[in-house]
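Each chain gets a letter, A, B and so on, in the order its sequence line appears, and its residues count up from 1.
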Amino acid sequence: NAGVTQTPKFQVLKTGQSMTLQCAQDMNHNSMYWYRQDPGMGLRLIYYSASEGTTDKGEVPNGYNVSRLNKREFSLRLESAAPSQTSVYFCASRTRGAPVGEGYTFGSGTRLTVV
Amino acid sequence: GENVEQHPSTLSVQEGDSAVIKCTYSDSASNYFPWYKQELGKRPQLIIDIRSNVGEKKDQRIAVTLNKTAKHFSLHITETQPEDSAVYFCAASLGGATNKLIFGTGTLLAVQP
């Protein structure tokens with residue numbers, strides 16, 4: 001049981017290039033999330049998907065798109081990467097109505113550098 | 001939307017002392033408040049959480065208190081050890097179908113041996 005799997009773990013892009021960050025969970029969770037983490041700013045929500053077939057913007061959606069391909073997979077796409085998108089990206093998932101103590105499960109992160 | 005403020009941004013304590021990290025939230029409808037610990041280069045890990053119908057929760061050396069009226073909650077770590085050194089994040093959630101978590105900006109805790 002792998003939990004939440006993110007690929008790739010590291011990536012360097014040139015300004016203007018595009019790429020897709022992949023996330024998959026094997027826990028049959030309904031909700032999935034993409035966060036970015038920058039020094040001194042905590043984790044900020046980019047997009048989320050409350051259930052298969054739905055996606056919504058979070059706090060910082062500009063420059064990103066997402067696809068909830070099926071219940072397991074939730075991808076994040078950068079169409080034209082900018083240096084301001086240099087960050088560590090975390091995917092997470094959670095079961096709807098999960099009892100207290102069953103918070104998010106995070107992936108191991110993707111460290112993205114845009115030069 | 002919800003906003004979570006966290007203080008202090010850095011905290012240095014001597015081994016064996018207590019550490020307290022404080023957070024305030026803006027949306028009075030928030031009902032779930034977890035705390036995460038993140039070690040360098042690792043993913044955030046849930047260490048304790050509390051729901052809005054509870055004022056305090058304790059798990060060994062870690063405790064969380066919640067003041068709904070003032071809209072603030074705190075993490076208390078007693079008898080700190082070097083392995084407690086990490087970044088700690090508070091978060092708040094309105095619950096419901098989306099279960100969005102809004103995070104504070106983090107506290108870097110350094111426990112000096």
Using a 4.5 Å cut-off on heavy atoms from C-beta on, say whether the side chain of [Y] contacts that of [X].
| X | Y | result |
| --- | --- | --- |
| Ile102(B) | Glu59(A) | yes |
| Leu101(B) | Tyr35(A) | yes |
| Lys42(B) | Phe106(A) | no |
| Arg44(A) | Phe103(B) | no |

Which pair of heavy atoms, one from Gly107(A) and one from Arg43(B), lies closest together, and at what distance?
->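 In this case the closest contact between Gly107(A) and Arg43(B) is O-CB, 3.2 Å.
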Hydrophobic cluster membership, with links at side-chain heavy-atom distances under 4.5 Å among I/L/V/M/F/W/Y: are [X] and [Y] in one?
| X | Y | result |
| --- | --- | --- |
| Leu76(A) | Val4(A) | no |
| Val87(B) | Leu46(B) | yes |
| Ile46(A) | Leu112(A) | yes |
| Tyr89(A) | Leu69(A) | no |
| Tyr33(A) | Leu21(A) | no |

Check the surroundings of atom [atom1] in [X]: do more than 12 heavy atoms from other residues, nucleotides or ligands lie under 6.0 Å from it?
| X | atom1 | value |
| --- | --- | --- |
| Arg111(A) | CZ | no |
| Lys71(A) | NZ | yes |
| Gln60(B) | CD | no |

Structural part of Phe90(A) lying under 4.5 Å from a heavy atom of chain B |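 Answer is side chain: those atoms of Phe90(A) sit under 4.5 Å from chain B.
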Between Leu45(A) and chain B, which part of the residue has a heavy atom less than 4.5 Å away: side chain, backbone, both or neither?
->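 Answer is side chain: those atoms of Leu45(A) sit under 4.5 Å from chain B.
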When the ring centroid of Tyr104(A) is compared with that of Tyr36(B), is the distance short of 6.0 Å?
->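 No, the ring centres sit 6.0 Å or more apart.
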Part of Gln6(B) within contact of chain A (heavy atom distance under 4.5 Å) |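 Interface part for Gln6(B): neither.
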Interface moiety of Pro44(B) toward chain A, non-hydrogen atoms closer than 4.5 Å |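 Both parts, backbone and side chain.
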Inter-chain contacts: residues 70-80 of chain B against chain A, heavy atoms under 4.5 Å |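 When heavy atoms of chain A are the reference, residues 70-80 of chain B contributes no residue within the under-4.5 Å range.
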Rounded to the nearest 0.5 Å, how far apart are CG of Asp38(A) and OG1 of Thr105(B)?
->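 The OG1 atom of Thr105(B) is 12.0 Å from CG of Asp38(A), to the nearest 0.5 Å.
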Regarding Arg94(A) and the six-membered ring of Tyr32(B), is the cationic atom NZ or CZ under 6.0 Å from the ring centre and inside 45° of its axis?
->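 Ring-cation test returns yes.
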